[in-house]
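Please read the structure below before turning to the comments.
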Amino acid sequence: MGSYDIAVIGGGPGGYVAAIRAAQLGFRTVLFEADRVGGLCLNWGCIPSKALLRNADVLTLVRNASAWGIRVDGVEADYGAAVDRSRKVVDQIVSGVEGLLRDNGVDVVSARARIAAPGVVEGGGERFEARWIVVATGGTPRQLPGVEVDGDVVITSREALARRNVPERAVIIGAGPIGVEFAHLWSTYGADVTLVELLDTVLPQEDPDVSRALRRSFEARGIRCLTSARVGAVERSPSGARVTVEHAGARTTLDADTVLVAVGFVANTAGLGLEELGVATDRGFIAIDDAMATNVPGVLAIGDVTGKLMLAHVAMQQGVAAVERLAGRSVPPLDYVQMPRATFCQPQVGSVGYTEPAARAAGFEVRTGRFPFTALGKAIAVGETEGFVKVVADAETKQVLGIHVIGHDVVDLLGEASLAVLLEVTTEELGFAVRVHPTLPEAVKEAALAVDGEAIHIARRRAQRAAATGGGSA
Ligand code: NAD
């Protein structure tokens, strides 16, 4: 029986980062992973999808080359080659993570593990002792009752990332990040795409101004967006599937060769021995406190399995915070409102902090400022003027409560946006800090100034109107 300080179950972004940090802190650490390290994110999520989305960018650029005075004839897009590239990217990063684990002295056991008793993990037919056990087993696409995923016509993101062909006609159920990213990717490669979303907008977790702008952009490209729409049935048909949707008081049928179900994730908690141990759950997710501890002493949980905010970077931060606390470091509790969120369609969508309605609901008196990329030198120079930056601030203290971006390649702006929200900067500070000219971050500065109608590169009438109405008119 091996004896460790920390046993981590699950080698996704939460688990492998927790294991590496634990080893750095001097803990003897073992990591159990049934598949390849990297988890869903690296193998079948964030990373391969970003590789494919990059292909969509390149294809769009080449198709529009004539706008730059560059003649390109006979453009042919080989989607299979894009998928092959995405798998190579995955392999490279997985072997990088394997190397990091080795380099840090983390023992990796390639087996499914379960907790046999407090302080005891079983995996690969062996028992391991560990003072602390960190459950980082992630999540799996949620199934829709009555809609059978057959992996052929009705698929999840897992199959969508593996297949080497683009659907001709796709219905995507759910307009969250996964639905929206595939809508953009497949539509760029020529598919006829319909998004079906239960709530009244696409990307419903985002600020309504941003969701509206994305919808307009998608519809202008021919992506249909049925919102406030409920899927009744998905039946197999000669051409693939027939999807019945209740929408605007009527029943519509949509024919498709591919139906992508992207309606969220559920936690991977089965087979871990959690019930026997008495680990408490909340709506299927493992319940944790600020130290990522469960109700059972010595058992912690991080990442998607906790359902706090199902994003890889959140899992990583939970993993680091959990083991640093075990090492006796003082770590502030994680504030999930302050975690940046990004969707990598084009235009990209990103946010950190409160949306405007969420800030009002939390009791703030709100002022907003907006700055459009049509007014930004860098955006005009590179020919990508769609979208805007929106700053949500407390009217009284001027503290920045939220920053929302939509536009071409804008999610990198979330770096400074996260810092601004974390450090509780004011709109005056955000507007005072100097950005390089010409760059996209100038839009953040201008949006902060626009909260008080003081943005430089917006016509005066527009700025005055913004100030009079509490911003947001750009
Ligand atoms: P999600 O929960 O973010 O979105 C699912 C969407 O489906 C929601 O808008 C929901 O209202 C809708 N929905 C639910 N039931 C429905 C129904 N019956 N009919 C129609 N619509 C329905 O989940 P997701 O997009 O599947 O992503 C899964 C997880 O992975 C999420 O936690 C997400 O944040 C994460 N993820 C993040 C990124 C990113 O950050 N870029 C990308 C992919 C996935």
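Counting starts at 1 for both ligands and their atoms, following the listed order.
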Completion exercise
The protein heavy atom nearest to atom 9 (O) of ligand 1 is E197 OE1, 2.7 Å
Fill in the blank from the handout: The protein heavy atom nearest to atom 25 (O) of ligand 1 is I178 N, 3.0 Å
Practice task
Specify side chain, backbone, both or neither for Q205, according to which of its non-hydrogen atoms lie closer than 4.0 Å to ligand 1.
Solution key: neither
Practice task
Give the contacting part of L144 toward ligand 1: side chain, backbone, both or neither, where contact means a heavy-atom distance below 4.0 Å.
Solution key: side chain
Problem - Under 4.0 Å to a heavy atom of F344 - the qualifying atoms of ligand 1, by number - result: 41 (N)
Problem - Numbered atoms of ligand 1 (with element) below 4.0 Å of A342, judged on heavy atoms - result: 39 (C), 40 (O), 41 (N)
Fill in the blank from the handout: Honestly, for P204 the part within reach of ligand 1 (heavy atoms, under 4.0 Å) is side chain
Fill in the blank from the handout: The protein heavy atom nearest to atom 13 (N) of ligand 1 is V263 CG1, 3.8 Å
Exercise for the section: Give a yes or no answer on whether the side chain of H313 reaches the backbone of P340 with a donor-acceptor pair at less than 3.5 Å. Expected result: yes
Handout entry: Atom indices of ligand 1, in the order listed, that fall short of 4.0 Å to a heavy atom of I173
Key = 19 (N), 20 (C)
Practice task
Would you tell me whether Y16 and E98 have side-chain atoms, one donor and one acceptor, within less than 3.5 Å of each other?
Solution key: no
Exercise for the section: Kindly say whether F344 contributes a backbone atom to a donor-acceptor pair with the side chain of E181 at under 3.5 angstrom? Expected result: yes
Practice task
Show your reasoning for whether side-chain hydrogen bond (donor to acceptor under 3.5 Å, both in side chains) applies to Y336 and Q318.
Solution key: CA-CA 10 Å; Y336 295 94; Q318 286 179 316; 2.8 Å; yes
Exercise for the section: Using only heavy-atom distances, determine whether the side chains of S217 and E386 contain a donor-acceptor pair under 3.5 Å. Expected result: yes
Handout entry: Minimum-distance protein heavy atom relative to atom 36 (N) of ligand 1
Key = P177 CB, 4.2 Å
Problem - Winner among G139, G174, P141, A262 once heavy atoms are compared against atom 5 (C) of ligand 1 - result: A262
Problem - Distance-only polar pair, side chains of T194 and R169, donor-acceptor under 3.5 Å - result: no
Problem - Which of the ligand 1 atoms, numbered from 1, are nearer than 4.0 Å to a heavy atom of V196 - result: 20 (C), 21 (N)
Exercise for the section: For R341 and ligand 1, answer yes if some heavy atom of the residue is under 4.0 Å from a ligand atom, otherwise no. Expected result: no
Problem - Selection from L311, V411, T343 by shortest heavy-atom distance to atom 34 (O) of ligand 1 - result: L311
Fill in the blank from the handout: One finds that the ligand 1 atoms under 4.0 Å from a non-hydrogen atom of L199 are 11 (O)
Practice task
Using a strict cut-off of 4.0 Å, indicate which atoms of ligand 1 neighbour a heavy atom of R142.
Solution key: 14 (C), 15 (N)
Fill in the blank from the handout: Checking heavy atoms under 4.0 Å, the part of E181 that sits near ligand 1 is side chain
Exercise for the section: Measure from the side-chain N and O atoms of E159 to the backbone N and O of T156, and report whether any donor-acceptor pair falls under 3.5 Å. Expected result: yes
Problem - salt_bridge(R212, D209) N-O dist < 4.0 Å - result: yes
Fill in the blank from the handout: Under 4.0 Å between heavy atoms, the region of V180 that gets near ligand 1 turns out to be neither
Practice task
Would you check if the side chain of D289 reaches a backbone N or O of M292 as a donor-acceptor pair within less than 3.5 Å?
Solution key: yes
Handout entry: atom 21 (N) of ligand 1 - nearest protein heavy atom and its distance
Key = L198 N, 3.1 Å
Completion exercise
When distances are taken from atom 4 (O) of ligand 1, the protein heavy atom at minimum range is G176 CA, 3.4 Å
Completion exercise
Contacts of R215 meeting side chain to side chain contact (heavy atoms under 4.5 Å, CB included) (sequence neighbours excluded), chain-then-number -> V202, E219, C225, T227
Completion exercise
Nearest non-hydrogen protein atom to atom 2 (O) of ligand 1, with distance, is G264 CA, 3.5 Å
Exercise for the section: Using the test ring pair (Phe, Tyr, Trp, His ring centres under 6.0 Å), find all partners of Y79 that sit at least two apart in sequence or belong to another chain. Expected result: Y189
Problem - Top protein contact for atom 31 (C) of ligand 1, by heavy-atom distance - result: M310 O, 4.2 Å
Problem - Polar side-chain atom of R341 near backbone of V349 as donor-acceptor pair, under 3.5 Å - result: no
Handout entry: Salt bridge flag under 4.0 Å for residues D78 and R85
Key = no
